[in-house]
Amino acid sequence: MPILRLRRRMNLGVLRSFAAYSFAPAVGLMTAPILAQSLGVEGRGQLAALMQPLTVADSLAALGIPTATAFYVARGADVRRMQFRGYAGALLTGVVAFGVLAAYSFNVAQSQGISQPLLALLWMSVIPGALLAVRRSAWTGLQRWKRVDLERTAFAGSRLLIILMLAVFGLGEVMPFAAGPIIVGLLISSALLIPKFHPTPQIADYDAAPAKKDFYRFSIYAAFGTVSASASARLDQALMPSLTSSEQLGLYAVAVTVAEVPLLVGTVLARNLMSEASAGEPLKKMLRQILLGAGVAVVGSVILGALASWVVPLIFGASFRDSLAPIYLLLLSTCMSVLTISFSAVLTGWHRPLLASVPQVMSVVAVICGFGAIGQGISAVETAIIAVAAQTIAFAASCLLIGLMRPSTGRHRRTRE
């Protein structure tokens, strides 16, 4: 009976975490038509110009410092000491990230007709965001999943509430739709993550006080995977604001919102596959899961593609009909992305994190080359074509690596369950 109760708790915990993890994409889908109807094509493009560079910067600002914090805390290192190191590093990298954003804001403001001082002020949120990422990772290292799930859900829920309120009051300005969710979300996350940590037992067979150089070295290694994966998924949307019109950006933002729905399958697959690969599951068994997940993504993409021609004008408005061509292309890109991130998760589970980032790095290079070749005036369709080409390269690279690599035979210390 105690074992059954433990398994039931674990299953409920997994379901709760899955629900919390899925809530943010669900909010994105629910708010997409509201934003489209409230702001129109041009306003939706300006909102994307405000938010997408910040989304990329948020993932880059702390590099791999949150991962290192969670890693060492999970192995019994002193939480306060690891958090202090994390804060010190994240503050530095966050300021550097804001400096890059501030310089980029002049190009975006001129291209999109947005106030540069307000844009820079909004993008300053990358600094508290980096610090909160460290605090969140400390809770993750302690395996306090309820608090982490609550914070994630509350952050997404506050965004939904603010956007609904702004839409009800009929505000058509872009800045409130961008600044409101960010400010309220940061306040809610700060309040939920602020409680003091409970003491945790030390693990006797592990050095609970890693040297600073070891902490930051691990952060740099972990950054290759996190940065490249985020850049691979979002770089095109971060580069577009300085190279295209608000109209084309708005069309592409809606296309991404629709086409990324099947990507949730890959996210769940990657989470499970990394754990299974670390535990030594046979490759054949994992490949069956990958093929099943890819099949679900393909079927979902076909259904979305078939419905898009009448659903998009109905939900987003007739002015977004031109987003159909990018949607079809991006659905193809999404199907390949599901396979790529699944293979990368297996490589990570085989304790090859640097190799796991190679497909995403190649994708980033392809995106940069594509944007460099087309340059100013790039359209939503051309951006979608670049995304397909980049994901095709990443998919081919991940297949090659899976075929050539095998699990590392090195010893890896297990942490508490």
Side-chain angles (χ1 to χ4, degrees), residues 41 44-46 48-60 100-101 103-108 110-112 224-260 262-263 266 297 301 305 320 322-341 343-344 356-401:
V41 177
R44 184 63 185 87
Q46 289 180 332
L50 289 169
M51 300 304 298
Q52 291 306 328
L54 182 60
T55 301
V56 175
D58 279 336
S59 61
L60 306 183
V100 175
L101 283 175
Y104 186 49
S105 66
F106 289 96
N107 292 333
V108 174
Q110 183 178 9
S111 176
Q112 302 299 324
F224 280 100
T226 56
V227 170
S228 59
S230 176
S232 174
R234 301 291 181 183
L235 184 60
D236 51 355
Q237 298 171 71
L239 293 175
M240 282 187 75
S242 64
L243 296 173
T244 191
S245 65
S246 299
E247 180 182 1
Q248 290 297 313
L249 192 54
L251 294 174
Y252 193 73
V254 167
V256 169
T257 300
V258 175
E260 283 190 345
L263 195 60
S301 297
F320 285 91
D322 289 340
S323 66
L324 290 175
I327 286 174
Y328 299 142
L329 289 167
L330 290 175
L331 283 171
L332 176 60
S333 174
T334 295
C335 291
M336 288 186 288
S337 297
V338 169
L339 291 166
T340 300
I341 63 176
F343 290 148
S344 294
S357 68
V358 168
Q360 283 82 12
V361 170
M362 295 179 67
S363 173
V364 169
V365 172
V367 169
I368 294 174
C369 291
F371 272 79
I374 297 176
Q376 197 69 37
I378 190 170
S379 68
V381 173
E382 290 169 332
T383 305
I385 292 173
I386 292 173
V388 172
Q391 288 304 320
T392 301
I393 293 171
F395 169 60
S398 64
C399 291
L400 181 62
L401 288 172

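Note that the coordinates shown come from a computational prediction; the quantities given were computed from them, not determined experimentally.
- Here the side chains of Pro359 and Leu401 are in contact, with some heavy-atom distance below 4.5 Å.
- With contacts defined as side-chain heavy-atom distances shorter than 4.5 Å, the pair Pro241/Pro53 qualifies.
- In this structure, the side chains of Pro326 and Thr383 stay at 4.5 Å or more apart for every pair of heavy atoms.
- Using a 4.5 Å heavy-atom cutoff, the side chains of Ile341 and Gln360 are in contact.
- The CZ atom of Phe320 sits 9.5 Å away from atom CD of Glu247, with the distance rounded to the nearest 0.5 Å.
- Nearest heavy-atom pair across Ala387 and Leu330 is CB-CD2, 3.8 Å.
- Atom OG of Ser245 is separated from atom CD1 of Ile378 by 11.5 Å, given to the nearest 0.5 angstrom.
- Separation of atoms CG (Leu251) and OG (Ser379) is listed at 9.5 Å; rounding is to 0.5 Å.
- Nearest approach of Ala366 to Ile386, heavy atoms of both residues: O-CG2, 4.3 Å.
- With sequence neighbours left out, the side chain to side chain donor-acceptor pair (under 3.5 Å) criterion links Ser301 to no other residue.
- Counting heavy atoms from C-beta on, the side chains of Asp236 and Tyr252 come closer than 4.5 Å.
- Summarising the geometry of Phe343 relative to Cys399, their closest heavy-atom pair is CE1-SG, 3.6 Å, with the distance given to 0.1 Å.
- Scanning both residues, Gln46 and Gln112, for their nearest heavy atoms gives NE2-O, 2.9 Å.
- Going from atom SG of Cys335 over to atom CZ of Phe395 covers 10.5 Å, rounded to the nearest 0.5 Å.
- In this structure, the separation between CD on Glu382 and CD1 on Ile374 is 4.0 Å, given to the nearest 0.5 Å.
- Pairing each heavy atom of Val381 with each of Leu329, the nearest pair is O-CD1, 3.9 Å.
- In this structure, Met336 and Val388 have side chains that are in contact, with non-hydrogen atoms separated by less than 4.5 Å.
- Using a 3.5 Å distance cut-off with no hydrogens or angles, the side chains of Gln391 and Ser337 do pair a donor with an acceptor.
- Partners of Ser242 by side chain to side chain contact (heavy atoms under 4.5 Å, CB included), not counting sequence neighbours, listed by chain and number: Tyr104, Asn107.
- Residue Val338 comes nearest to Gly266 through the heavy atom pair CG1-CA, 3.9 Å, listed as atom of the first residue, atom of the second, then distance.
- Thr334 places a side-chain N or O within 3.5 Å of a backbone atom of Ala259 that can act as its donor or acceptor partner.
- Atoms CE and OG, from Met240 and Ser111 in turn, are 10.0 Å apart once rounded to the nearest 0.5 Å.
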